[in-house]
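Here is how names work: the chains are called A, B, and so on, in the same order as the sequence lines, proteins then strands, and each is numbered from 1. Just the heavy atoms: all of them, side chains too, but no hydrogens, waters or symmetry mates, feed the values below.
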There are 2 protein chains.
Amino acid sequence: MALEHAILVSLDERSGSGYELAQRFEKSIGFFWAATHQQIYRTLKRMVGLGWVSCHEVAQDGRPDKKVYEVAEAGREELARWLAAPGEPETIRHDLSVKVRGASSGDAKALIGEVARHRDLHAERLDVYLAIEKKDFPDPSALSGRPLHQYLVLRGGIRAERALVEWCDEVLAAMREDDRR
Amino acid sequence: MALEHAILVSLDERSGSGYELAQRFEKSIGFFWAATHQQIYRTLKRMVGLGWVSCHEVAQDGRPDKKVYEVAEAGREELARWLAAPGEPETIRHDLSVKVRGASSGDAKALIGEVARHRDLHAERLDVYLAIEKKDFPDPSALSGRPLHQYLVLRGGIRAERALVEWCDEVLAAMREDDRR
DNA sequence: GGGTGCAGTGCAACTAGTTGCATAGCCCTA
DNA sequence: TAGGGCTATGCAACTAGTTGCACTGCACCC
């Protein structure tokens with residue numbers, strides 16, 4: 001599983017609490033690896049047991065105490081091992097494709113609405129990604145090391161969302177045309 | 001969950017046994033919804049309980065008996081309901097992106113090899129999809145109804161794999177360039 | 001007659017992910 | 001001062017998915 005590794009990557013960029021990690025998973029990291037705070041807390045606990053991360057409590061004023069985690073030596077080794085290890089492409093689970101494939105078994109009109117809704121959601125996400133690209137990476141050719149890698153992952157998100165928007169448009173055009181006939 | 005619905009879609013196209021379904025999930029349906037035979041057998045059992053599918057045993061000669069499942073009335077209703085119901089875009093879990101993002105924490109060279117391997121895997125899949133497109137859908141503009149929907153899903157697969165291949169190429173070019181400097 | 005391989009079904013144990021809820025301190029506003 | 005919202009952590013119960021194995025039957029080939 002890669003949640004542990006996603007957490008290692010995130011903590012290696014910057015140490016933080018479970019809560020902070022959960023927020024990162026809501027935005028940047030979560031663009032390509034989703035996780036709830038429950039999963040994160042549970043996994044952090046396990047990782048402490050494995051010796052991959054260390055944890056110390058930090059008292060704060062004005063807000064509750066927090067536990068700050070940082071990557072330990074064993075965690076760094078595990079991360080390096082995992083990075084070099086071959087992995088299989090993710091198993092795909094795409095709801096909307098199942099629905100499109102099943103369209104003939106239901107109300108095609110209602111499905112058109114659903115596809116249009118997804119189209120807009122993906123277009124929105126695409127806009128978010130493009131805005132980040134513009135703001136944080138104005139000159140990609142100058143990038144190197146960690147910022148380059150972050151940029152490349154963002155590029156993956158942009159490509160994926162764009163492909164989805166275009167696919168939805170293709171589906172909508174074809175199904176509307178088919179509906180008219 | 002959508003495995004039940006993926007099975008309904010598949011059985012609605014053609015009734016069959018768990019074993020046959022597992023094979024369909026290996027190829028066509030599995031391109032966008034992965035499932036093992038274990039999951040399928042277990043889910044079929046549950047669906048019989050729900051009254052969504054009916055099951056009858058068929059004796060065969062030359063091979064073991066099988067249980068053939070077909071969609072029942074309640075299953076058809078459920079499928080129609082689900083098709084029209086709004087759903088959220090899938091939560092993304094993309095291993096390779098996590099690795100790329102973590103590249104600075106390990107051996108970037110080894111990761112280049114891994115990205116190249118994935119690039120080839122996706123290129124292979126893309127070729128498979130393109131071959132199916134050419135063979136089964138030589139004249140897309142003439143399509144309507146079920147074949148159209150199947151074609152559109154295939155188009156989604158083509159777009160997704162192409163986007164992945166192109167992204168891998170972008171990553172490889174940038175990381176190799178960065179490595180040279 | 002023994003091995004391989006495919007068709008066919010399934011259990012058991014495990015790992016991973018989701019959902020609902022609980023708790024607790026502090027801030028701000030109506 | 002009561003309620004809503006944010007930070008912060010966590011349990012319990014559930015659903016979903018994976019992995020390893022076990023069994024049957026037949027066909028085919030060496």
Side chain to side chain, [X] and [Y], heavy atoms closer than 4.5 Å:
X	Y	answer
B:Val53	B:Leu8	yes
A:Ser28	A:Gln150	no
A:Tyr69	A:Met47	no

Subject >> With B:His122 via ring pair (Phe, Tyr, Trp, His ring centres under 6.0 Å) - residues at least two apart >> reply: none

What is the distance from [atom1] of [X] to [atom2] of [N], rounded to the nearest Å?
X	N	atom1	atom2	value
A:Phe25	D:dT9	CZ	P	15 Å
A:Ile92	D:dA16	CD1	P	21 Å
A:Leu3	C:dG17	CG	P	6 Å
B:Glu57	C:dT9	CD	C1'	10 Å
B:His56	C:dG8	NE2	C1'	16 Å
A:Leu44	C:dG17	CG	P	14 Å

Subject >> Neighbour count >12 (heavy atoms, 6.0 Å) for atom CD, B:Glu177 >> reply: yes

Subject >> Distance-only donor-acceptor test (3.5 Å): side chain B:His37, base C:dG8 >> reply: no

**OP:** Kindly indicate whether the side chain of A:Arg42 and the base of C:dT15 share any N or O donor-acceptor pair separated by less than 3.5 Å?
**Re:** no

**OP:** Mind listing the closest non-hydrogen atom pair of B:Gly51 and B:Ala74 along with its distance?
**Re:** O-CB, 3.4 Å

Subject >> Heavy-atom closest pair, residues A:Arg125 and B:Pro89 >> reply: NH2-CB, 4.0 Å

Subject >> Residue-level proximity of residues 14-22 of chain A to DNA chain D when a heavy atom falls under 4.0 Å >> reply: A:Ser17, A:Gly18, A:Tyr19

Original post:
Contacts to DNA chain D from residues 65-72 of chain B, heavy-atom cutoff under 4.0 Å, which residues?
Top reply: none

Under 4.0 Å from OP1 or OP2 of [N]: is there any side-chain N or O of [X] that close?
X	N	value
B:Gln23	C:dA7	yes
A:Gln38	D:dA12	no
B:Gln39	D:dT18	yes

Original post:
Where the side chain of A:Tyr41 is defined as all heavy atoms beyond and including C-beta, which of D:dA16, C:dG8, D:dA8 is the nearest nucleotide?
Top reply: D:dA8

Original post:
Looking at the side chain of B:Arg46, which of C:dC11, D:dA16, D:dC11 is the nearest nucleotide?
Top reply: D:dA16

Original post:
Does A:Pro64 or B:Gln60 map to a spot on DNA chain C nearer the 5' end, using the closest nucleotide for each?
Top reply: B:Gln60

**OP:** Please check if the side chain of A:Arg24 supplies one atom and the backbone of A:Ser10 the other of a donor-acceptor pair under 3.5 Å.
**Re:** yes

Original post:
Linking I/L/V/M/F/W/Y whenever their side-chain heavy atoms sit closer than 4.5 Å, directly or via other members, would B:Tyr41 and B:Val9 fall into one cluster?
Top reply: no

